[in-house]
*Asks:* 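One structure coming up, written as C-alpha cells, with questions to follow.
What you see is a predicted model, and the numbers here were worked out from it, not measured in a lab. The first residue in the sequence is number 1, and the count goes up from there.
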Amino acid sequence: MYRIEQHSDVIRLIGPNGSMAEILPSGALLNRFSISVGGKDLNVIDGFEHPATVKADIKPAFQSAKLSPFVCRIQDARYAYKGKDYTLQKFTMNGSAIHGLVFDETFEVASSAAGPDKAFVELHYSYGLTDPGYPFSFECVVRYTLKGASIRLDTEILNTGKDAMPLADGWHPYFQLGKPIDELELLFHAHHMLEFKNLIPTGVRLPNQQFTHMEAIGNTELDNSFVLDTASPAPA
C-alpha cells in the first residue's frame with residue numbers, strides 16, 4: 001500500500017517497495033526521488049538539505065525548479081507581444097530575465113491520495129499579476145504521481161484572464177547518480193540542437209550526432225537544448 005506523509009514544508013509519497021518522492025510546496029519542486037537498489041536507497045535528485053531554506057537558496061542555480069510562464073532567458077528582460085512591449089522585473093542574470101515567475105512561490109496542496117498501486121499529490125498556485133512585465137493571470141497546477149519505481153510530473157496552466165497570453169513551461173532538474181559525471185555514459189535520440197547566442201536560442205537548428213549512441217560524457221560540457229526525435233524508440 002502506498003502512503004503519504006504531509007508536513008507544512010515537505011510532502012513525501014512513499015511506495016511499498018522502498019520508492020519515495022519528496023516534494024516541497026516552495027516552488028512545487030521535486031527535492032528527492034529514491035528507489036531501493038540492492039537493499040539500499042538510491043536518490044537521483046540533487047536537492048536541498050533543508051527545505052526551510054529553499055525559497056532563499058533557489059537562486060541562482062534553480063535546481064529542480066518549476067519554470068513558468070517562461071523558461072531559460074529573455075534578453076534584456078524585454079519582449080514584445082501583440083504589438084506591446086513588456087519588461088520583466090522579478091529576477092535577472094547578466095541582464096536577462098531567467099526561469100519564470102513561480103520558482104520561489106508557495107504552492108498549496110489541492111488534493112492527494114494513496115492507494116494500492118500509486119500515490120499522487122496535486123499542488124496549486126494562482127499568479128496574481130505581481131510582475132508588471134507579465135500582466136496575464138493564470139493558475140498553475142503541478143501533479144506528482146509515484147508508481148512503482150517511477151515518478152511522473154504533469155503540469156497544467158490555466159489562463160484565467162480575458163486575453164491570450166505568451167507561455168512556456170518547463171522543469172530544471174539536477175540529477176546525481178553516485179559517480180562523477182565524466183565517468184557516466186549518455187544516450188538520447190536527438191539529431192538536431194538549437195543554436196544559442198549568450199544562452200538564448202537564435203531560432204536556428206544545428207545537426208547533432210553526439211550521444212545518439214551510448215557514449216561516455218567525459219569532459220564534454222553541455223548547456224544546450226536538443227530537439228528530441230519523438231518517433232525514435234526510448235533508450236533502453
Side-chain angles (χ1 to χ4, degrees), residues 27 29-30 33 44-47 58-88 90-103 131 133-134 136 140 142 150-157 164-236:
L29 65 82
L30 180 64
F33 174 55
V44 298
I45 300 295
D46 185 6
I58 192 70
K59 298 175 291 188
F62 294 90
Q63 64 200 69
S64 207
K66 190 75 188 69
L67 312 181
S68 201
F70 65 91
V71 302
C72 202
R73 289 159 171 78
I74 295 180
Q75 188 170 0
D76 300 324
R78 297 197 301 263
Y79 68 99
Y81 181 68
K82 289 194 171 183
K84 293 184 179 181
D85 295 326
Y86 300 95
T87 301
L88 295 157
K90 179 159 186 173
F91 181 73
T92 60
M93 182 182 292
N94 299 324
S96 296
I98 184 170
H99 290 336
L101 304 175
V102 306
F103 54 80
D131 192 310
Y134 196 80
F136 309 97
C140 179
V142 180
S150 68
I151 183 74
R152 174 169 174 159
L153 165 59
D154 294 287
T155 302
E156 179 181 354
I157 305 293
M165 68 182 194
L167 172 71
D169 185 85
W171 179 43
H172 201 267
Y174 267 51
F175 296 113
Q176 60 176 15
L177 298 174
K179 291 184 177 181
I181 193 169
D182 54 357
E183 296 180 12
L184 300 176
E185 296 181 325
L186 181 62
L187 162 66
F188 55 83
H189 294 291
H191 289 90
H192 291 90
M193 61 182 288
L194 302 185
E195 181 185 63
F196 278 6
K197 183 177 182 180
N198 298 324
L199 290 178
I200 295 176
T202 66
V204 175
R205 293 189 179 192
L206 303 175
N208 172 69
Q209 293 298 324
Q210 194 171 26
F211 302 116
T212 56
H213 297 85
M214 188 71 76
E215 58 183 284
I217 296 174
N219 61 0
T220 302
E221 293 186 9
L222 292 172
D223 200 349
N224 305 87
S225 292
F226 294 85
V227 182
L228 294 180
D229 301 333
T230 56
S232 299

*Asks:* Could you walk me through whether T155 and S68 pass the side-chain contact (heavy atoms from CB on, under 4.5 Å) test, one step at a time?
*Replies:* CA-CA 10 Å; T155 302; S68 201; 5.8 Å; no
*Asks:* I need the full list of salt bridge (charged side-chain N to carboxylate O under 4.0 Å, His left out) pairs touching residues 66-75, with sequence neighbours left out, sorted by first then second residue.
*Replies:*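 Output for this query lists K66-D169.
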*Asks:* Given K179 and L177, is the side-chain contact (heavy atoms from CB on, under 4.5 Å) satisfied, shown in steps?
*Replies:* CA-CA 6 Å; K179 291 184 177 181; L177 298 174; 5.9 Å; no
*Asks:* Can you tell me if D131 uses its side chain to pair, donor with acceptor, with the backbone of G133 under 3.5 Å?
*Replies:*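 Checked: pair present.
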*Asks:* Under a 4.5 Å cut-off applied to non-hydrogen side-chain atoms, are P60 and M93 in contact?
*Replies:*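 The answer is yes, as the side chains (C-beta and beyond) meet within the 4.5 Å cut-off.
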*Asks:* Taking atom CD of E183 and atom CD1 of I217, what is their separation to the nearest 0.5 Å?
*Replies:*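 It comes to 11.0 Å.
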*Asks:* Can you tell me how far the CD atom of Q63 sits from the CD1 atom of I58, to the nearest 0.5 Å?
*Replies:*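 Q63 atom CD to I58 atom CD1 measures 6.5 Å (nearest 0.5 Å).
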*Asks:* In Å, rounded to the nearest 0.5 Å, how long is the span from CD1 of I98 to CD1 of I200?
*Replies:*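 It comes to 9.5 Å.
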*Asks:* Would you name the heavy atoms of Y174 and A61 that are closest together and state the gap between them?
*Replies:*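 Residues Y174 and A61, closest heavy atoms: OH-O, 3.3 Å.
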*Asks:* Which distance, rounded to the nearest 0.5 Å, do you find between the OG of S225 and the CD of E195?
*Replies:*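 If I round to the nearest 0.5 Å, the distance is 12.5 Å.
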*Asks:* Could you please spell out the steps behind the side-chain contact (heavy atoms from CB on, under 4.5 Å) verdict for F175 and I45?
*Replies:* CA-CA 5 Å; F175 296 113; I45 300 295; 3.9 Å; yes
*Asks:* Are the side chains of L186 and L222 in touch, meaning some heavy atoms are under 4.5 Å apart?
*Replies:*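 Yes - at least one pair of side-chain heavy atoms lies under 4.5 Å apart.
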*Asks:* What ring pair (Phe, Tyr, Trp, His ring centres under 6.0 Å) pairs are there with at least one residue in residues 61-82, not counting sequence neighbours?
*Replies:*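 The answer is F62-F91, F62-H99, F62-F103, Y79-Y86, Y81-F136.
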*Asks:* Which heavy-atom pair separates D154 from R152 by the least distance, and what is that distance?
*Replies:*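 What the structure gives for the nearest pair is OD2-NE, 2.9 Å.
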*Asks:* Please determine whether the number of non-hydrogen atoms from other residues, nucleotides or ligands lying under 6.0 Å from atom CD1 of I181 exceeds 12.
*Replies:*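 It does not: I181 CD1 has 12 such atoms or fewer within range.
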*Asks:* So, applying side-chain contact (heavy atoms from CB on, under 4.5 Å) with F226, which one of M193, H192, R205, H189 is it?
*Replies:*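 Single side-chain contact (heavy atoms from CB on, under 4.5 Å) partner of F226 among M193, H192, R205, H189: M193.
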*Asks:* Taking all non-hydrogen atoms of both residues into account, name the closest pair between V227 and A190 and its distance.
*Replies:*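 Nearest pair, atom of V227 first, then A190: O-CB, 3.3 Å.
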*Asks:* Hey, could you give me the CD/OG1 distance between Q210 and T220, rounded to the nearest 0.5 Å?
*Replies:*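 Here the interatomic distance stands at 4.5 Å.
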*Asks:* About how many Å separate OG1 of T212 and NE2 of H191, when rounded to the nearest 0.5 Å?
*Replies:*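 It comes to 5.0 Å.
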*Asks:* What heavy-atom pair brings D182 and G218 nearest, and what distance separates the two atoms?
*Replies:*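 It is CB-O, 3.0 Å.
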*Asks:* Can any side-chain N or O of W171 pair as donor or acceptor with the backbone N or O of L67 at less than 3.5 Å?
*Replies:*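 Not confirmed, W171 side chain does not pair with L67 backbone.
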*Asks:* Can L88 and I74 be said to form a side-chain contact (heavy atoms from CB on, under 4.5 Å), step by step?
*Replies:* CA-CA 9 Å; L88 295 157; I74 295 180; 3.5 Å; yes
*Asks:* Please name the pair of heavy atoms, one in G100 and one in K90, separated by the smallest distance, quoted to 0.1 Å.
*Replies:*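 Heavy atoms of G100 and K90 come nearest at O-CD, 4.4 Å.
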